[in-house]
Amino acid sequence: MFIAAAVERKLRRQMLDEYLADYESRKGPVSEQARLQARQVLDEILAEEGQRSTTS
């Protein structure tokens with residue numbers, strides 16, 4: 001289960017990187033601050049999902 005969760009986190013972060021790259025190709029550069037904020041939001045979502053799956 002731990003390995004599956006780690007793989008899922010890695011895949012979601014890769015998806016975020018791909019999304020940001022696509023956004024940049026269409027709209028222009030994303031600031032480092034916006035990048036960090038997006039990662040923080042993703043980390044918070046993953047943490048909340050982790051808490052839910054351990055209490056279920």
Side-chain angles (χ1 to χ4, degrees):
M1 185 137 146
F2 174 76
I3 293 173
V7 169
E8 183 177 352
R9 281 191 303 273
K10 182 175 175 90
L11 290 174
R12 287 183 187 220
R13 287 189 180 106
Q14 285 177 338
M15 288 173 50
L16 176 62
D17 290 342
E18 290 173 9
Y19 172 80
L20 290 171
D22 179 62
Y23 181 91
E24 284 184 318
S25 73
R26 290 181 291 111
K27 305 269 185 176
V30 174
S31 71
E32 188 61 28
Q33 181 180 0
R35 241 177 232 289
L36 292 173
Q37 189 174 17
R39 287 195 189 282
Q40 183 179 7
V41 168
L42 179 62
D43 288 344
E44 289 171 5
I45 291 168
L46 292 175
E48 287 174 9
E49 286 181 0
Q51 289 174 356
R52 274 189 251 138
S53 46
T54 58
T55 59
S56 299

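When a residue number appears, it is its place in the shown sequence, counting from 1.
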Checklist outcome for this item: CZ of R35 to CG of D17, rounded to nearest 0.5 Å, is 7.5 Å
Item to check | Any side-chain heavy-atom pair of R9 and D43 under 4.5 Å | outcome: no
Checklist entry - When rounded to the nearest 0.5 angstrom, what is the spacing between CZ in R13 and CD in E18? => result 14.5 Å
Checklist entry - Has Q33 got more than 12 heavy atoms of other residues, nucleotides or ligands less than 6.0 Å from its CD? => result no
Checklist entry - Any link between Y23 and L42 through a network of hydrophobic side chains (Ile, Leu, Val, Met, Phe, Trp, Tyr) touching at under 4.5 Å? => result yes
Checklist entry - Does any non-hydrogen side-chain atom of L11 lie less than 4.5 Å from one of Q14? => result yes
Checklist outcome for this item: Output for pair (E24 CD, R26 CZ), nearest 0.5 Å, gives 11.0 Å
Next on the checklist: Please determine whether the number of non-hydrogen atoms from other residues, nucleotides or ligands lying under 6.0 Å from atom CD1 of I3 exceeds 12.
Outcome noted: no
Checklist entry - Which atoms form the tightest heavy-atom contact between A34 and V30, and what is the distance? => result CB-CG1, 3.6 Å
